Each structure stands twice: as structure tokens, then as C-alpha cells.
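All chains are named by letter (A, B, ...) in the order of the sequence lines, taking the proteins before the strands, and each is independently numbered beginning at 1. Bear in mind that the values here come from a model prediction, so they are computed numbers and not experimental data.
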Amino acid sequence: MNLTRIKGFADVLPGDVETWQRIERAAERVFANYNFKEIRIPVLEKSELFSRSLGESTDVIEKEMYTFADRDSKATLLSLRPEGTAGVVRAYGEGKLHQVEPVRKLYYLGPMFRRERPQKGRLRQFNQIGAEVFGRTDPYVDAELLLLLRDLWEDLGVADTVLEVNSIGCADCRPGYRAGLVAFLEERRAELCADCDRRLKTNPLRVLDCKRPSCSAMVNAAPSILSHLCDNCRSHFDTVLGLLRDLRPEPVVNPRLVRGLDYYCRTTFEWKAGSGLGSQNTVAAGGRYDGLVQSLGGPPVAGVGFALGVERLALLRSEGDTKESDAPLLYLAWMGEEAQRWTFALAHRLRRRGRRVDMEGEARSLKSQMRRADKQGADVVLIVGPDEMEKARALVRRMATKEQTEVDFSDVEESLG
RNA sequence: GUGAGUGUAGCUCAAUUGGUUAGAGCACUGGACUGUGGCUCCAGGGGUUGAGGGUUCAAGUCCCUUCACUCACCCCA
């Protein structure tokens, strides 16, 4: 093949699709339990929506977006969405959803696009299932989202996960903490790795989760965000933790957990896989973004949400997967053109009654047809050849028992439908 | 974007120091059984050795480029 798929874009072939359907159905079920409604939004938006939402200096905006000028207007740059929150926030404000009902619990699923180096669990077109709740500032929603995710793991049989939570404060307390952290790091600047030296200017909080041992050791001595939270953030976070006490596994408080996108405040979390994903092991992540809706021109309502990577979830449960079984298959085996015409018409009638039916299109030996019926898992094979056409009676073979009976043509539809 | 590794049939893998027509298992198709699945046996189809170029009498094997994948960074779901 000369024409192949482009780098970082994947086909999901039959056999793998079932895993996806299983995940999507489980998600739909769980979201319904928590009274979330689905929202569908475009994959293409004005670039400015993302840069204003995620932050100009984030990697996603600076070097990972698929951005281009529309054909008829060089002024408006468009981008394939790199994540879902910005678009949902936009739709929430644009649709004036807050006017009808101030609290909205929404979810979405679909492809996102980031031009990164592909590797396991990371593609340039990848799929996310995400949730956003607008209009609630209470800590109970934060906890509700995490419980919802736990329900989803349970439904899908995903074990061996770790939930890390943190609070990164709000507009009142974070600036003070940030200044203190920067001062602390400036003093030890010589010891920082090259990446962290850069982070010190662009996003100092990110120094906290540098994986290098030298930086990590230094950060241990750095001031912790959790001891600098204002009273409101402190009690919000404590309530969230209290509500999660019965979660298994119990959440790990990680004061160094910092999210990459600018809009987060207060509660942040990451749900990681213990094994099976390599270094890209975050399956779901999210947090609170109270100022975002308003900063994008919407009403002054709070927001919380998460996104989970469908590909990563699929990798976690690709082995020993219990696929949802298809309806039983009825296979029509025929010999001779007359029988073919008769079974073709019968297939049509049975399918309209909701039966899963298949048959060959070209003449094959009965043996071959039986073999294919078996391979496809048919529970019943109907055999019709010249003899049966003559007698107007079809042979019905039950595959599991090899039991074979004759049925009058006039009764076939009723007995198989 | 940086560094390293791996590319042989649909899948898992062979192929001597560079040496004949690149093999095997599984899978697929057909037959043994003129009209009966799973087991067995037999046969068949399927390869630009990822692609392009170079060295050589001769390249799956050596060199260069490129593409894809994997791992570690960066970053994120």
C-alpha cells in the first residue's frame, strides 16, 4: 500500500472495536446513573478559544495544535481541538444553558488532536471521554466525579489503579504560595536541571513534579502548597478527602501534583494505572476550573471536570477481555440457484424480525458452508438444497447438539424467528 | 522536539563467514467425505525481506537515507 495512514493516526479494526464499544457503553451507563447528559460539539474551533482557555505558554498551544487558516479568510485561524473542556465551556456559554438551568452535568466523547511524538498510549488523534459540571462550587461534586470514575473502573474490571489528589489553591492563596516557591527555587537555581530552569520562568509549579532525583530531592524541602491554602480552599479540600474515605484504593494526597493547563484551581487529580501502560500511565485526570467560564465570556459559574483516555483504558483491559456477546447467529446453507433465491428471501424476512442471519453469496460445498457457520459461531444452520426445495421442507441443524430436524417451509419463519 | 532500539507471509518466528528458487507453525482456501462444522491427513494461495539508494560476481544479511513501531525524555488523557 502506497497510501497508508498518517503518523499517529490509528485504525481500530473489527476485533478491537468491541473493546471500545464495551468502554463506551459502560461510560454511558455510569454517566446516566449520575444524571449526566451528553453534549456533542465540533472537532474544529477558532484557535483563539484554545489559547485563551489552556494558556498561551502551555506546550499544547505552543507546539502541539493542528492549526491552519480557513480557505476564505486568512484572518481566522482554526484548530483541531486538543482537548474537550474549552469547546464544552464555549457551547455552554453560547447556548446560554445557565439561563434555563444553572447546574449542568455534561459528558462527551470523541477524538482530540495533538501533534506529539506517538508512543504507547499516545496518538496524534486520540479519544477522550470527558465530563464537565457547571454551576457547583461545593466539594461534593469533586468527590462525585471521582466516585463516578471508580464505578467505571469497576464496571470495566480495571484494577490496579492509583488515585492521586491535590489542591492547588485559588486566586487568593496561590499567588502568595507561588511567589514563595519561586523565591525558594531562585536561591538554589544552580542545582536545577535545564528543564526546571526553564520551568522556573514559564510555570514554576511544574518544577514540583520533575522526575529527576536531584530536583525531586530539592523539592522535598520546598514549601508545600497544602500548608499555604486559604481557609476556604483548606476546608474544601478536607471535605473532598473526607468524602473519599471509602474509596478503594484510598486516594493518595500528592502535594506535588500539578496540572499542565492554566485553568485549574483547587482540586486536581490524576488516576494512574499501576501497570500495563508504560510511562504514559495517566488514564484519567481533571480538576476544578472555577474562573474559566467567565474568562471565556460566559456567565460567572464554577466548573469541575475530567477527561479519560480511551486508548489507554483499552490497553488496560485488552487482555482477557470479556466482550459483550453478539446475538445468536442463524446461518443459511444453500445448494443450487433455486435454493439460493429462496434462502435469500427468507434471510431478508428473518432479519426484519430482528434475527441475526448470514449466508454465502457464491456457491460453496456444504462442507465449506458448515465450516464457516461453525467458525462464526452459528447456533443453528438451516440447510436447503434441491431435495428440500422438492419437499418444501428445510433441514434445521442445531450445532451444539448436532440434532437435525425437518421443518415445513411454511413454518420455518415462525420456528426460527 | 531529543536520545536509543527494532522492522522477514495476516500472526509468531527461522534462514551458516554475504552464496541456489527466503522456510516453518498458526490462520486462510480446497480436497479426503458427489449434501454436513470442531479432530486428523493431504494439497494450494499468499513475500517488492518496511521503502529508496549504494558496496559486491552475489545482499534478508554490510553502508547511507527515509518511513513505521517500541522504550526513555519533554509533555499529557
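Taking the side chain of A:Met335 as heavy atoms from C-beta on, and the options B:C75, B:G35, B:C76, the nearest nucleotide is B:G35. In this structure, of B:A77, B:C74, B:C71, it is B:A77 that holds the atom nearest to the side chain of A:Gln128. Out of B:G37, B:U29, B:C74, the shortest distance to the side chain of A:Lys375 is found at B:U29. Comparing B:A77, B:U29, B:G35 against the side chain of A:Arg372 picks out B:U29 as the nearest. Candidate nucleotides B:A72, B:G37, B:U70 were compared by shortest atom distance to the side chain of A:Ser279, and B:A72 ranks first. In the set B:A77, B:C74, B:A68, the nucleotide with an atom closest to the side chain of A:Arg259 is B:A77. Closest contact between the side chain of A:Glu388 and the listed nucleotides B:G38, B:G30, B:G35 involves B:G35.
For the P atom pair drawn from B:C62 and B:U8, the interatomic distance equals 15 Å after rounding to whole Å. A gap of 32 Å separates the C1' atoms of B:A27 and B:U66, to the nearest Å. Taking atom C1' in both B:U49 and B:G44, the straight-line distance is 23 Å, to the nearest Å. The same atom, C1', is picked in B:A9 and in B:A4; the two are 29 Å apart, to the nearest Å.
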Quick one: which protein N/O atoms are closer than 3.5 Å to N/O atoms of nucleotides 1-3 of chain B? Pair and distance per line, please.
residue: B:U2; atom: O4; partner: A:Arg117; partner atom: NH1; Å: 3.2
residue: B:G3; atom: O6; partner: A:Arg117; partner atom: NH2; Å: 3.2

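When all heavy atoms of A:Ala333 and A:Leu366 are compared, the pair lying nearest together is CB-CD1, 3.9 Å. Counting all heavy atoms, side chain and backbone alike, A:Leu145 lies closest to A:Phe36 at CD2-CZ, 3.8 Å. Heavy-atom minimum distance, A:Tyr264 versus A:Gly286: CE2-C, 3.6 Å. Scanning all heavy atoms of the two residues, the minimum distance from A:Trp20 to A:Glu311 falls at CH2-OE2, 3.2 Å. In terms of heavy atoms, A:Gly135 sits closest to A:Val103 at O-CG2, 3.7 Å. What you find for A:Thr282 and A:Arg312 is that their closest heavy atoms are O-NH1, 2.8 Å.
Remark: A:Arg188 qualifies as a cation-pi partner of A:Phe184 under the 6.0 Å distance and 45° angle criteria applied to the six-membered ring.
Applying the 4.0 Å criterion to OP1 and OP2 of B:A68, one finds that A:Arg5 has every side-chain N and O outside that range. Within the structure, every side-chain polar atom (N or O) of A:Ser365 is placed at least 4.0 Å from both OP1 and OP2 of B:G30. Within the structure, every side-chain polar atom (N or O) of A:Lys367 is placed at least 4.0 Å from both OP1 and OP2 of B:G30. Between B:U70 and A:Lys120, no contact under 4.0 Å exists linking OP1 or OP2 to a side-chain N or O.
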- Message: One pair to check against side chain to side chain donor-acceptor pair (under 3.5 Å): A:Glu83 and A:Gln128. What are the steps and the verdict?
- Response: CA-CA 8 Å; A:Glu83 55 99 57; A:Gln128 286 188 338; over 6 Å; no

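One can place CD of A:Gln376 at 15 Å from P of B:G38, the figure rounded to the nearest angstrom. In this structure, the CG atom of A:Leu332 is 16 Å from the C1' atom of B:G35, given to the nearest Å. Straight-line distance from the CZ atom of A:Arg114 to the P atom of B:C75: 14 Å, rounded to whole Å. Atom CD of A:Gln369 is separated from atom C1' of B:C33 by 16 Å (rounded to the nearest Å). One atom, CG of A:Leu315, and another, C1' of B:C69, lie 14 Å apart when rounded to the nearest Å. Going from atom CG of A:Asp387 over to atom C1' of B:U36 covers 13 Å, rounded to whole Å. In this entry the distance linking CG of A:Asp379 with C1' of B:G37 reads 13 Å, nearest Å. Spacing between atom CD of A:Glu83 and atom C1' of B:C75 amounts to 15 Å, rounded to whole angstrom units.
Annotation: proximity of residues 400-412 of chain A to RNA chain B (heavy atom, distance under 4.0 Å) is found for A:Lys402, A:Gln404, numbered in ascending order. Using a 4.0 Å cutoff on non-hydrogen atoms, the parts of residues 49-66 of chain A near RNA chain B are A:Asp59, A:Glu64, ordered by number.
Each salt bridge (charged side-chain N to carboxylate O under 4.0 Å, His left out) pair with one or both residues in residues 269-283 of chain A, not counting sequence neighbours, appears once here: A:Glu164-A:Lys272, A:Arg259-A:Glu270, A:Glu270-A:Lys272.
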- Query: Given Watson-Crick or G-U pairs with both distances under 3.5 Å, what dot-bracket string fits RNA chain B, with | for other-strand pairs and [ ] for crossing?
  - Reply: (((((((..((((.....[...)))).(((((.......))))).....(((((..]....))))))))))))....

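Test A:Phe31, A:Tyr34, A:Phe306 against A:Tyr107 for ring pair (Phe, Tyr, Trp, His ring centres under 6.0 Å) and you get one pass: A:Phe31.
Note on A:Ile383: a base of the nucleic acid sits closer than 4.0 angstrom, heavy atoms only. Nucleic acid contact class of A:Gln280 (heavy atoms, under 4.0 Å, all strands): base. Counting any heavy atom pair closer than 4.0 Å across all strands shown, A:Gly121 reaches a base atom.
Formation of a donor-acceptor pair under 3.5 Å by the A:Glu388 side chain with backbone atoms of A:Gly385 is found in this model. Side-chain atoms of A:Ser47 come within 3.5 Å of backbone N or O of A:Leu77 as a donor-acceptor pair.
At a threshold of 4.0 Å, the pair A:Asp358-A:Arg351 counts as salt-bridged, since one of the basic side-chain nitrogens sits closer than that to a carboxylate oxygen. Using a 4.0 Å cut-off between charged nitrogen and carboxylate oxygen, A:Lys391 and A:Asp387 do not count as a salt-bridge pair.
Contact check for A:Phe9 versus A:Phe113: side-chain heavy atoms found under the 4.5 Å cut-off.
Residue order along RNA chain B, read from the 5' end via each residue's closest nucleotide, puts A:Leu366 first among A:Ile6 and A:Leu366. With RNA chain B read from its 5' end, the first of the two nearest nucleotides for A:Asn281 and A:Lys7 is the one closest to A:Lys7.
A:Asp138 and A:His236 share no donor-acceptor pair across their side chains, judged by distance under 3.5 Å alone.
A donor and an acceptor atom sit less than 3.5 Å apart, one in the side chain of A:Arg397 and one in the base of B:G37.
A:Arg398 pairs by the salt bridge (charged side-chain N to carboxylate O under 4.0 Å, His left out) definition with nothing, not counting sequence neighbours.
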